[in-house]
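Working notes, beginning with the structure itself.
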Amino acid sequence: MLGCMVTDTGGINDRSFNASSWAGMQAAAAADSSLTVKYLQSTTQSDYTPNINTFIGEKCNIIVTVGFLMGAATEAAAKAHPDQKFAIVDCSYASGCITGAKEPNIDQLVFNTVQDGFLGGYLAAGTTKTGKVATFGGIELPTVTIYMDGFWDGVQYYNSQHHKNVQVLGWNEKTQKGSFTGDFTNQTKGQTLTQTFISEGADVIFPVAGNVGLGAAKAVQDADSAAGSTKVTMEWVDVDGCTSAAQYCKYFITSVEKGIVAAVKTSVLSVTNGTFTGGTYVGTLQNGGAVLAPFHDFSSTIPASLQSELATVKAGIESGSIQTPTKAPVTS
């Protein structure tokens, strides 16, 4: 059996959704000795279709494509090759990423990250000392803005619970206006934008931008080095930053994660064990598909009362008593 993956332009070492997807492929191979996995890297968006076609020619049992931007190329290939099984990360018919008649040979793996984004916003509001926090995106896509919506709403909910007025720089859920660097690769842009937010008073930064976030981490590191103390912190995205960008772990109060590894592993193994059905998987707080990472170095400095509040908010989101509005909803 052969499992094949096509990366988005961020590449296999993006410390984000491409790296997580590949880890899911490798986990599937570890679980089933009959499975071999391989990948092709996309340098530009024009590589998507040729890379998919290469794998179709190699008779891969499943082709996993990564990211919202790969929707059209994946859908076209699935239509043209109805016997070829596909899975796509961060993309579904319901999200409008793929738009035609539903192809039964596409397993859509999406994550309701407005939920853990909300927890990330609540945590940021509870830890800021300046009363200002910031978020920004790489490319303005629903899979990016859903995190930012959750973060913004979490801050507003904290404000309503504590009669505070913590401000969010870089995004407004109501107007859908905010800051984007325009890609997932340019760390210099991430560093510059974060330096601007810090100069405007933000002391918790949440980049939703793949590798661009490493530039944000550098700006946070520089600010703390200059201050001689922990002046600014940040939250990582998609995966636990203390694992994927360990050199910056001491600046991460948490990471707002997607359960990509488990979702990809399950999808690939469904092909090897004959249970593949296509359709939509939605990762949530409840099923472990959207989670807040451990606090690592900050576990002793985040007040027990705030940690308790986060647990209460999480339970409220899971029960539906706390709403998590987003203009980029994820449904099945």
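Atoms considered below: every heavy atom in the structure, side chains included; atoms not considered: hydrogens, waters and symmetry mates.
- Put simply, the side chain of Val330 reaches to within 4.5 Å of the side chain of Val110, judged on heavy atoms.
- With Ser319 contributing its side chain and Gly316 its backbone, the two residues share a donor-acceptor pair below 3.5 Å.
- Using bins of under 30°, 30° to 60° and over 60° for the plane-to-plane angle, the ring pair Tyr157/Tyr122 lands in the tilted bin.
- Using bins of under 30°, 30° to 60° and over 60° for the plane-to-plane angle, the ring pair Tyr251/Tyr248 lands in the tilted bin.
- Salt-bridge formation is detected for the pair Asp90/Lys258: a Lys NZ or Arg NE/NH1/NH2 atom is positioned less than 4.0 Å from an Asp or Glu carboxylate oxygen.
- To the nearest 0.5 Å, the span separating NZ on Lys265 from CE on Met25 amounts to 13.5 Å.
- Under the 4.5 Å side-chain criterion, counting only non-hydrogen atoms from C-beta, Ser244 is in contact with Trp236.
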In residues 138-147, what donor-acceptor pairs under 3.5 Å come from side-chain atoms, sequence neighbours left out?
{"residue": "Thr145", "atom": "OG1", "partner": "Leu141", "partner atom": "O", "Å": "3.4"}
{"residue": "Tyr147", "atom": "OH", "partner": "Asp238", "partner atom": "OD1", "Å": "2.6"}

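- Taken from CG in Leu214 to NZ in Lys218, the straight-line distance is 12.0 Å, to the nearest 0.5 Å.
- To the nearest 0.5 Å, atoms OH (Tyr281) and CG (Asp107) are separated by 11.0 Å.
- Atom OG in Ser267 sits 4.0 Å away from atom CD1 in Ile62 (nearest 0.5 Å).
- The side-chain hydrogen bond (donor to acceptor under 3.5 Å, both in side chains) check on Asp149 picks up Trp171, Gln176, Thr326, with sequence neighbours excluded.
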I would like to know whether His81 and Asn105 meet side-chain hydrogen bond (donor to acceptor under 3.5 Å, both in side chains); could you show each step before the answer?
CA-CA 9 Å; His81 303 275; Asn105 56 333; over 6 Å; no

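- Distance CZ/Phe197 to CD1/Ile205: 7.0 Å, rounded to 0.5 Å.
- Formation of a donor-acceptor pair under 3.5 Å by the Asn61 side chain with backbone atoms of Val268 is not found in this model.
- Side-chain atoms of Thr312 come within 3.5 Å of backbone N or O of Ser308 as a donor-acceptor pair.
- Thr128 places no side-chain N or O within 3.5 Å of a backbone atom of Ala125 that could act as its donor or acceptor partner.
- Side-chain contact between Leu123 and Glu235 is present, with heavy atoms from C-beta onward closer than 4.5 Å.
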Apply side-chain contact (heavy atoms from CB on, under 4.5 Å) to the pair Val155 and Val133, showing each step before the final yes or no.
CA-CA 9 Å; Val155 172; Val133 299; 4.0 Å; yes

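- Ala73 approaches Thr49 most closely through the heavy-atom pair CB-OG1, 3.6 Å.
- Between the side chain of Thr254 and the main chain of Ala293, a donor-acceptor pair closer than 3.5 Å is present.
- Inter-residue side-chain proximity for Ser42 and Val6 is flagged as met; some heavy-atom pair is nearer than 4.5 Å.
- The shortest distance between side-chain heavy atoms of Val204 and Thr127 falls below 4.5 Å.
- Atom CG of Asn186 is separated from atom CG of Leu193 by 11.0 Å, given to the nearest 0.5 angstrom.
- Comment: Lys327 engages Glu173 in a salt bridge, judged by a side-chain N to carboxylate O separation of less than 4.0 angstrom.
- Among Phe136, Phe252, Phe118, Phe151, the single residue meeting the ring pair (Phe, Tyr, Trp, His ring centres under 6.0 Å) criterion with Phe206 is Phe151.
- Side-chain atoms of Cys91 and Met70, non-hydrogen and from C-beta on, never get closer than 4.5 Å to each other.
- Proximity of a side-chain donor or acceptor of Thr266 to a complementary backbone N or O of Ala262 within less than 3.5 Å is detected.
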Verdict with reasoning, Phe17 to Val66, per side-chain contact (heavy atoms from CB on, under 4.5 Å):
CA-CA 7 Å; Phe17 61 111; Val66 184; 3.3 Å; yes

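- Within the 4.5 Å cutoff, the side chain of Thr284 has heavy atoms near those of the Gln115 side chain.
- Put simply, the side chain of Asp240 never gets that close to the backbone of Glu257: no donor and acceptor are under 3.5 Å apart.
- At a threshold of 4.5 Å between non-hydrogen side-chain atoms, the residues Phe86 and Glu75 do not count as touching.
- Phe184 and Val208 get closest at one heavy-atom pair: CE2-O, 4.3 Å.
- More than 12 heavy atoms of other shown residues, nucleotides or ligands fall within 6.0 angstrom of atom NZ in Lys79.
- For residues 32-59, the salt bridge (Lys or Arg N to Asp or Glu O under 4.0 Å) pairs, not counting sequence neighbours, are Lys38-Glu58.
- Side-chain atoms of Asp14 never come within 3.5 Å of backbone atoms of Asn211 as a donor-acceptor pair (strictly under, hydrogens ignored).
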Derivation and outcome, side-chain contact (heavy atoms from CB on, under 4.5 Å), residues Thr135 and Val168:
CA-CA 7 Å; Thr135 183; Val168 180; 4.2 Å; yes

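- Checked by atom type and distance alone, the side chain of Lys189 pairs as donor or acceptor with a backbone atom of Thr181 at under 3.5 Å.
- Between the Asn112 side chain and the Gly283 main chain, no donor and acceptor come within less than 3.5 Å of each other.
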side-chain contact (heavy atoms from CB on, under 4.5 Å) assessment of Asp8 paired with Tyr48
CA-CA 8 Å; Asp8 198 353; Tyr48 298 160; 2.3 Å; yes

